[in-house]
Amino acid sequence: MNDYYADLGVSRDASVEEIKRAYRRKARKLHPDVNPGPEAEAEFKKVSQAYDVLSDPAKKRAFDAGSDPYASGADGFSANFSFSDIMDAFFGGAAAGGRGPRSRKQRGQDALVRLDIELSMAVFGGEQEIVVDTAVVCGTCHGEGTQAGTSPTMCEACHGAGEVQQVQRSFLGQVMTSRPCTACQGYGTVITRPCFECSGNGRVRTRRTINLKVPAGVDTGTRIQLTGEGEIGPGGGPPGDLYVEISVRPHAVFRRRGDDLHCQLELPMTAAALGASLPLETFDGLVDVNVAPGTQSGDVHTIRGGGVTHLRGSGRGDLLVQIIVATPTGIDAEQEQLLRRLAELRGEQRPEATLAQADAGGLFGRLRDAFRGR
């Protein structure tokens with residue numbers, strides 16, 4: 001009689017996990033796909049037989065007592081040595097598909113909807129109703145999938161196991177394989193009288209309204225996760241999640257860059273030269289923009305905290321107002337005379353143009369700083 005402990009290279013007091021690890025190491029080395037040849041095949045069969053005995057408590061007791069563990073008459077391997085046992089030891093986990101019937105209740109899929117909002121809601125946040133077309137629990141059968149007063153019946157093909165087994169002979173001996181039952185799709189039961197409303201699925205599609213809280217600071221592409229608001233699973237299983245992707249509509253006046261808002265304020269040349277206080281309608285209401293005397297076109301006036309609320313953190317961005325000086329057009333004779341007199345007083349009858357450096361504080365420098373958010 002073979003010494004199965006020696007075949008696996010373990011001691012007689014080895015634990016189940018030690019036996020499994022030893023078999024896994026040898027099986028990987030000797031498997032015909034890795035090590036072809038008659039000698040490796042014979043050795044693989046030998047260690048597989050050793051694992052079959054030592055992993056079965058009854059056979060192990062018989063072997064330890066000096067009896068034949070295969071006294072029942074099985075040829076090489078017992079009929080209970082299944083292919084899934086080999087897969088468990090070889091890959092260190094359960095065979096694909098598992099064992100036993102699977103539940104009709106499955107988790108639902110996640111859902112994604114898009115929501116268009118105004119820039120003002122992105123600044124301060126708010127609430128918005130959204131309508132989603134999704135799957136909900138069937139109100140007639142409450143997710144059971146059967147008609148009233150009925151229930152699923154045991155599958156006659158697999159007798160409720162959810163899988164069928166087939167014994168085949170191979171170089172390993174008798175190998176038992178399992179596959180999902182095709183008659184019941186692996187559920188172990190069959191719905192003979194399905195619900196008229198959901199056709200046995202346990203869920204129906206409908207439209208429902210959700211009141212969504214939009215946090216301040218969201219931007220185009222931001223996704224809001226609503227846990228448990230997605231699709232109800234088959235058989236009335238738990239729902240998935242709902243993701244709402246935000247899209248912020250363009251604004252007629254303000255442009256967003258990060259958490260800062262940008263706009264342009266046009267004023268007459270005289271106001272830029274003499275200075276003025278001009279009202280500006282913002283998301284916080286009317287704000288006075290104080291234009292200092294001698295303001296140049298392209299100068300930027302910053303209103304601290306007038307921008308978008310930070311999505312993560314406290315505070316808000318800034319509102320940057322770029323001043324645009326409007327050159328007067330369509331002047332009459334009197335206005336032309338006054339302008340010429342002003343040019344004479346400033347010695348600008350024959351003005352000379354100069355090129356401003358890019359890093360200077362001229363128009364181009366101010367435009368550059370404005371786009372950088374300075």
Side-chain angles (χ1 to χ4, degrees), residues 103-139 142-143 145 197-199 201-264 280-285 287 302-322 370-374:
S103 174
R104 290 186 180 275
K105 292 188 176 183
Q106 305 291 329
R107 182 184 184 275
Q109 293 182 343
D110 296 335
L112 175 66
V113 297
R114 179 174 173 175
L115 176 64
D116 295 332
I117 64 172
E118 300 295 341
L119 181 58
S120 58
M121 181 172 289
V123 173
F124 299 111
E127 293 188 359
Q128 180 77 34
E129 285 189 350
I130 57 175
V131 178
V132 294
D133 184 1
T134 184
V136 298
V137 175
C138 176
H142 307 290
E197 185 70 21
C198 65
S199 300
N201 191 254
R203 57 181 182 168
V204 294
R205 300 202 69 84
T206 187
R207 287 188 175 182
R208 57 192 178 98
T209 301
I210 299 176
N211 191 34
L212 173 68
K213 291 185 178 181
V214 180
V218 296
D219 201 354
T220 296
T222 300
R223 286 190 176 184
I224 303 173
Q225 180 181 4
L226 301 179
T227 304
E229 294 291 349
E231 299 270 342
I232 289 291
D241 298 334
L242 174 65
Y243 292 87
V244 182
E245 185 171 277
I246 299 297
S247 177
V248 182
R249 299 188 185 98
H251 194 271
V253 175
F254 299 102
R255 298 290 181 270
R256 178 176 179 175
R257 297 188 184 98
D259 286 340
D260 292 335
L261 295 177
H262 295 250
C263 70
Q264 293 181 333
L280 175 65
E281 184 67 39
T282 70
F283 291 121
D284 296 290
V287 175
T302 301
I303 301 175
R304 300 296 179 187
V308 181
T309 303
H310 299 312
L311 180 60
R312 296 175 180 85
S314 59
R316 295 169 59 182
D318 299 330
L319 171 59
L320 290 86
V321 183
Q322 184 182 28
F371 280 98
R372 288 182 178 177
R374 292 173 52 185

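Model, not experiment: these values are computed from the prediction.
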| said: Any carboxylate oxygen within less than 4.0 angstrom of a Lys/Arg side-chain nitrogen, looking at Asp284 and Arg316? | reply: yes
| query | Any side-chain heavy-atom pair from Cys263 and Leu280 closer than 4.5 angstrom? | reply | yes
| query | To the nearest 0.5 Å, how far apart are OG1 in Thr134 and CZ in Arg205? | reply | 5.5 Å
| Nearest non-hydrogen partners of Thr309 and Ala216, listed with the distance | CB-CB, 3.7 Å
| Take atom CD in Gln109; do more than 12 heavy atoms of anything else shown fall under 6.0 Å from it? | no
| message | With heavy-atom distances below 4.5 Å as the criterion, would you say the side chains of Leu212 and Glu129 are in contact? | response | no
| Closest contact, heavy atoms only, Ile210 versus Glu229 | CD1-OE1, 3.8 Å
| field | Test log, rule side-chain contact (heavy atoms from CB on, under 4.5 Å), inputs Asp116 and Arg114 | value | CA-CA 7 Å; Asp116 295 332; Arg114 179 174 173 175; 3.6 Å; yes
| said: If we ignore hydrogens and angles and just use 3.5 Å, is the side chain of Arg107 paired with the main-chain N or O of Gly233 as donor and acceptor? | reply: no
| request: May I ask you to say whether Arg223 pairs ionically with Glu245, meaning some side-chain N is under 4.0 Å from a carboxylate O? | output: yes
| request: Report the C-alpha distance between Asp260 and Leu320 in whole Å, list the side-chain angles of each, state the deciding distance to 0.1 Å, and finish with yes or no for side-chain contact (heavy atoms from CB on, under 4.5 Å). | output: CA-CA 7 Å; Asp260 292 335; Leu320 290 86; 3.9 Å; yes
| Can you check side-chain contact (heavy atoms from CB on, under 4.5 Å) on Asp219 and Val248, steps first, answer last? | CA-CA 6 Å; Asp219 201 354; Val248 182; 4.2 Å; yes
| message | How long is the straight-line distance from CG of Leu112 back to CD of Gln225, given to the nearest 0.5 Å? | response | 11.5 Å
| field | Residue pair Gln264 / Gln322, side-chain donor-acceptor N/O under 3.5 Å | value | yes
| message | Just to verify, what does Arg304 make a salt bridge (charged side-chain N to carboxylate O under 4.0 Å, His left out) with, not counting sequence neighbours? | response | Asp318
| message | Between Leu319 and Phe254, is there a side-chain heavy-atom distance shorter than 4.5 Å? | response | yes
| Parallel, tilted or perpendicular, as decided by the 30° and 60° cut-offs, for the rings of Phe124 and Phe283 | perpendicular
| request: Grab the two heavy atoms, one from Arg256 and one from Gly217, that are nearest each other, plus how far apart they are. | output: NH2-O, 3.2 Å
| Residues Asn211 and Glu127: side-chain donor-acceptor under 3.5 angstrom | yes
| request: Mind listing the closest non-hydrogen atom pair of Lys213 and Pro215 along with its distance? | output: O-CD, 3.4 Å
| Where Pro239 and Gly228 come nearest, the two heavy atoms and their spacing | CG-O, 3.4 Å
| said: Checking the side chain of Glu231 only, and the main-chain atoms of Ala135 only, is there a donor and an acceptor separated by less than 3.5 Å? | reply: yes
| task | Check whether any side-chain heavy atom of Thr209 sits under 4.5 Å from a side-chain heavy atom of Ile130, and report yes or no. | result | no
| said: With a 4.0 Å cut-off on N to O distance, would you call Arg203 and Glu197 a salt bridge? | reply: no
| request: Give a yes or no answer on whether the side chain of His251 reaches the backbone of Val253 with a donor-acceptor pair at less than 3.5 Å. | output: yes
| request: Answer yes or no: is there a donor N or O on one side and an acceptor on the other, between the side chain of Asp110 and the main chain of Asp241, under 3.5 Å? | output: yes
| request: Could you go through the side-chain contact (heavy atoms from CB on, under 4.5 Å) check for Leu261 and Val308 one step at a time? | output: CA-CA 7 Å; Leu261 295 177; Val308 181; 3.8 Å; yes
| query | Do the non-hydrogen side-chain atoms of Val113 and Leu115 ever get within less than 4.5 Å of each other? | reply | no
